[in-house]
Every structure is written in structure tokens, then in C-alpha cells.
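Okay, structure first, notes after.
When reading the values below, keep in mind they use all heavy atoms of this one structure, side chains included, and skip hydrogens, waters and symmetry mates.
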Protein chains: 2
Amino acid sequence: MATGRTHRPATRSRGIPEATVARLPLYLRALTALSERSVPTVSSEELAAAAGVNSAKLRKDFSYLGSYGTRGVGYDVEYLVYQISRELGLTQDWPVVIVGIGNLGAALANYGGFASRGFRVAALIDADPAMAGKPVAGIPVQHSDDLEKIIQDNGVSIGVIATPAGAAQAVCERLVAAGVTSILNFAPTVLSVPEGVDVRKVDLSIELQILAFHEQRKAGEEAAAASDGGVPAAAVRSDSTDQGPDGDMPAVMPA
Amino acid sequence: MATGRTHRPATRSRGIPEATVARLPLYLRALTALSERSVPTVSSEELAAAAGVNSAKLRKDFSYLGSYGTRGVGYDVEYLVYQISRELGLTQDWPVVIVGIGNLGAALANYGGFASRGFRVAALIDADPAMAGKPVAGIPVQHSDDLEKIIQDNGVSIGVIATPAGAAQAVCERLVAAGVTSILNFAPTVLSVPEGVDVRKVDLSIELQILAFHEQRKAGEEAAAASDGGVPAAAVRSDSTDQGPDGDMPAVMPA
DNA sequence: AAATGTGAACTTTTTCACAGCT
DNA sequence: AGCTGTGAAAAAGTTCACATTT
């Protein structure tokens with residue numbers, strides 16, 4: 001694929017920093033878009049803009065992969081797509097199972113970007129017997145009784161949990177026992193897993209709460225000058241949030 | 001504690017670190033569970049375990065909020081729930097709109113944890129005229145022509161984008177123009193927004209790619225000697241995976 | 001002239017370890 | 001005796017700025 005070969009990456013020794021790994025998919029997406037438009041090369045500046053990061057960071061990130069750019073020119077798009085894909089392990093096909101085919105599970109099963117980049121939905125699993133056999137996104141739902149067999153038959157190592165919170169830990173344990181070593185958890189609960197198993201969590205409600213925090217802070221900033229007897233406005237800066245209700249606690253606390 | 005009249009916490013001045021803010025919802029969830037079981041107090045050790053972090057980190061995090069614990073005892077569950085809720089701005093009710101009522105949008109609308117903690121789905125918006133009026137999760141879908149009016153009438157400042165990638169930027173711009181200042185983006189695209197607008201991104205495919213990276217690394221560890229065509233394998237990474245309690249994942253912070 | 005790759009400086013986050021309350 | 005709260009140390013991540021290469 002692409003470029004003919006450069007000499008070896010020299011020193012890639014130490015592992016790639018986690019923060020960098022987390023950004024590689026971002027770069028890959030931007031590069032894929034460029035590739036589709038047949039753009040042959042791109043500078044760190046342009047690519048960084050497309051990915052929403054700054055160019056120094058991008059160059060530093062790429063430096064952990066090797067020297068894949070050309071000074072004075074930029075990066076060969078196709079070549080970089082390949083290198084990042086390989087680094088992320090996307091040159092192979094990962095069979096994935098989704099457990100819990102409710103609203104969310106169905107949405108995930110239908111999610112296009114899924115299949116497009118290295119992932120294949122190998123099976124949909126649900127505990128509801130009524131769901132069994134029903135096709136979702138063209139794939140028949142299977143009953144969770146067969147979970148272990150499904151995992152093993154398909155050589156699945158990545159599982160997606162989209163069950164209610166109450167079922168998540170049990171599902172997790174069965175997945176792990178059956179051989180899954182990476183889990184993407186959409187259930188709003190902390191999973192405990194044995195050493196060697198990776199878990200990533202996706203949690204709508206947490207994201208909203210983080211937004212609310214910042215939203216609140218914005219609101220407090222404008223109103224900063226209003227009222228508030230007592231504390232001098234000396235350094236009201238970002239401090240605004242805690243000032244208000246602090247003086248006298250609502251009766252919420254028990255004791 | 002709870003002193004009637006504390007002299008100001010002295011130095012809480014500086015803003016709360018972003019990494020800490022991102023963990024507060026986690027603590028809050030664990031605390032809420034304890035509260036439901038009527039557990040009166042909890043130690044940093046116990047709470048940290050429930051939240052999946054280590055206790056030093058938790059204590060440091062709480063220290064940014066103030067001194068809400070009791071030495072030798074631990075933290076009063078109800079009191080902490082209140083303090084964290086207040087800090088996150090969850091003592092008020094945030095009206096939210098969801099734009100793009102496909103599979104994912106519907107899943108989000110049906111998501112229970114939504115309403116439970118400070119958020120209220122004020123409206124569902126979709127560009128498909130055929131959807132208009134159809135109830136999803138008990139809420140009638142409205143057409144996107146009325147987006148601006150809906151935002152303004154409901155005083156919405158937080159918007160959730162669950163449209164296809166191609167529509168996301170345009171929707172984003174309309175939301176912002178109408179007054180939204182925080183956006184949770186599920187579309188696999190980088191949104192550009194004016195200063196002062198917060199965007200958080202939730203991206204399934206990115207999460208999976210990060211898992212694939214680690215999965216690949218695990219596999220490579222055992223079979224250390226496979227050659228891949230094209231690019232010579234200089235130093236096969238032997239770097240064993242990070243360990244630690246539970247990676248958080250910052251950034252992606254997801255759904 | 002243009003743009004990468006990278007030491008070095010700086011910032012943020014995590015972890016340690018223990019003094020100080022209850 | 002137990003557990004918080006926090007300085008100080010360590011680690012991770014980001015940004016700067018420029019020598020180097022094409």
C-alpha cells in the first residue's frame with residue numbers, strides 16, 4: 001500500500017503514550033477524509049486543524065510512531081493512513097459482539113462507522129427470549145444462554161456491553177471467562193475485571209454532568225458582580241462557583 | 001462540621017482541575033448508590049473502590065472542593081452527595097435538546113439516567129418531516145425548522161447532536177446561534193465552535209480503535225515474532241501494558 | 001522557503017507519605 | 001486507632017522554539 005519504503009523507524013522503543021494512542025483515531029479519520037478526496041500530502045498544520053488539535057502536538061505524536069514525514073513537504077496521506085492503521089491494529093479484522101440489544105444496542109449495531117474500520121459485528125446477544133432470532137441491522141439476535149459458545153466460535157476478543165446497569169457485571173464476567181479481553185462498557189456502572197482485561201467506559205450522563213459544570217461556571221461569571229454581601233470581590237475570579245450557597249447549608253445534610 | 005459560619009475555606013480559590021471535574025460524576029454515582037442503601041458514612045478507601053479509582057486520588061480530588069470529611073471517620077454520604085451535586089451544577093434543572101432522532105437519538109431519549117440527575121429532555125428535533133409529531137420516549141419529535149424557537153422558548157443551553165456526520169456542523173452552528181453554549185456530540189466529526197462554547201465528543205469508533213490497539217499489543221506479546229510485510233519490524237514492543245487501577249479515559253469521555 | 005522532528009521548558013495529573021484531627 | 005487533608009516528589013502530557021532536512 002502506498003509508498004515504497006523508508007528506512008526503519010530507528011527508535012520507536014518505548015511504548016506510545018496513552019494520550020497519543022487516544023488521538024491516533026482522530027488523525028486517522030481526518031486522513032481518511034483527505035484520502036477520499038485524493039489529497040496526496042498534508043502538512044502538520046493542515047492535518048492538525050482537521051483533527052482539532054495543534055500542530056506541535058500532532059508532530060510530537062507522530063514522532064512516537066517514527067519519522068513518516070518529509071521536511072519541507074509534509075506527510076504522504078496514504079502512507080500515514082497505513083502506518084496509523086497498522087499501529088492501531090486495524091489492518092486485521094476484529095470480530096465484536098454486542099450484548100444487550102435494547103435501544104442503544106440496536107443503535108450500535110446499526111452504526112456504520114463500525115464495519116468500516118476494522119470491526120465486524122460478529123453477533124448480537126440479548127437475554128430476552130422474545131428477541132431471539134429477530135434481525136437487527138440484518139443480524140439475528142441470539143440468546144445469551146449461548147454467549148460462551150458464540151464468543152468461542154467466532155474468536156471474539158472485544159465485547160460491547162449495552163445492557164442495563166444491573167446486568168453489566170455479570171455479563172462482563174461471562175465475557176471474560178469466555179475469552180474476551182477488551183470491553184467497551186455503555187452501562188452506567190464500574191466494572192471490575194481481572195488483570196489483563198481492558199475496559200473503556202462510555203457514559204452519557206457523566207458527559208452531561210461535566211458540561212453542566214462548565215455551563216454553571218459560565219453563568220456564574222456574568223452574574224459575578226451582583227449582590228453577595230460579605231465576601232469582598234477581591235479575587236472573585238473563577239472562584240464564583242463555591243461562594244453562593246456555602247455560607248449556610250441547606251438542610252440537606254443529615255448528621 | 002457544617003459549621004454554621006465557617007470562615008471562608010481560606011484557599012479554595014483556584015478552579016477545580018479538569019481531571020477532577022471529570023471524576024466527580026463517578027463519585028456522585030457511587031455515593032448515590034450508598035445513599036440508596038442508607039449507608040451513613042464512607043471512607044475514602046471504600047468510596048474509591050466503588051468508583052474505581054485509588055483513594056489518594058479521591059482525597060486529593062475532594063480537597064479541591066473543601067474539607068468535607070471527618071478525620072478518623074470518613075465522609076457523610078448525604079452531605080457529600082449534596083456538595084458534589086452543587087459543585088457540578090446539578091441542583092438546578094438543565095433542559096436539553098436532542099437533535100437527530102435516529103437509532104441513537106431514540107436511545108438517548110429513552111436513557112433513564114438522563115432525567116434522574118438534573119437533566120430534562122426539553123425537546124427532540126429531527127430533519128425528517130415524517131418524524132414530526134411522532135412520540136419517542138413519550139416526547140413528540142419536532143421538525144428542525146423550528147429549532148431556534150424551541151431553544152429559545154425552553155431556555156436550552158445544552159444540546160446533544162446525534163445526527164449523521166454530514167449534518168453535524170450545520171446543526172451545531174444553528175444551536176450555537178440560538179444560544180446553546182454546551183454541546184455533546186455523538187456524530188463522528190470534529191465540530192468547530194466559537195470561543196466560549198464547550199464541546200464534548202462521544203465516539204464509539206474511537207473507543208473501539210483504542211481497545212484494538214491494546215488488544216493487538218496483548219496478542220503481540222505472546223507471539224513476539226511475527227513478521228509483517230512491507231515495513232520491517234524494528235523493535236517489537238515488549239512494553240507490557242500499563243496497569244493501574246482503572247484507566248479513566250479522559251477525553252473521550254463518552255456516552 | 002517550507003515544514004518536520006525533537007530536546008528542553010513548562011503545565012497538569014498522579015502518587016507518596018505523613019502530620020494533624022477526631 | 002483511624003482516616004482525612006495536603007505538601008512534596010514523580011510521572012505524564014503539552015507547548016516552545018529551532019536545528020535540520022528536503
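- For the pair B:V190 and A:G52, the tightest heavy-atom approach, listed with the atom from each and the gap, is CG1-CA, 4.2 Å.
- Atom CD of A:E45 has 12 or fewer neighbouring heavy atoms from other residues, nucleotides or ligands inside a 6.0 Å radius.
- In this structure, CG of B:L65 is placed 11 Å from P of D:dT6, rounded to the nearest angstrom.
- Atom CZ of A:F62 is separated from atom C1' of C:dA3 by 14 Å (rounded to the nearest Å).
- A donor-acceptor contact shorter than 3.5 Å links the side chain of A:S85 to the backbone of A:V81.
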Identify all pairs in which a protein N or O lies below 3.5 Å from an N or O of nucleotides 18-22 of chain D, and state each distance.
unit_1: D:dT20; atom_1: O2; unit_2: A:R71; atom_2: NH1; d: 2.8
unit_1: D:dT22; atom_1: O4'; unit_2: A:R71; atom_2: O; d: 3.4

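- If you take CD of A:E46 and P of C:dA2, they are 13 Å apart, rounded to a whole angstrom.
- Here A:F62 pairs with A:Y27, A:Y75 under the ring pair (Phe, Tyr, Trp, His ring centres under 6.0 Å) rule; sequence neighbours left out.
- For A:K60 (side chain) and A:T20 (main-chain N/O), no donor-acceptor pair under 3.5 Å exists by modelled atom type.
- Note on B:N54: every side-chain N or O is 4.0 Å or more away from OP1 and OP2 of C:dT14.
- Although no hydrogens or angles enter the test, the distance criterion places a donor-acceptor pair under 3.5 Å between the side chain of B:E46 and the main chain of B:S43.
- In this model, no donor atom of one side chain and acceptor atom of the other lie less than 3.5 Å apart for B:T91 and B:R86.
- For the pair B:K60 NZ and C:dT13 P, the interatomic distance rounds to 13 Å; values are reported in whole Å.
- Between the CG atom of B:L58 and the C1' atom of C:dT13 there is a distance of 15 Å, given to the nearest Å.
- With rounding to whole Å, B:R23 atom CZ is found 12 Å from C:dT15 atom C1'.
- Between the side chains of A:Q83 and A:Y79, at least one donor N or O lies within less than 3.5 Å of an accepting N or O.
- The OH atom of B:Y68 sits 16 Å away from the P atom of D:dT4 (whole-angstrom rounding).
- Following rounding to the nearest Å, A:L80 (CG) and C:dT4 (P) show an atom-to-atom distance of 10 Å.
- Annotation: of the two residues near DNA chain D, A:K57 and B:Y75, the 5′-most nearest-nucleotide partner is B:Y75.
- DNA chain D lies under 4.0 Å from at least one heavy atom of each of the following residues of residues 30-45 of chain B: B:S43, B:S44.
- The closest side-chain donor-acceptor pair between A:E215 and B:T181 falls under 3.5 angstrom.
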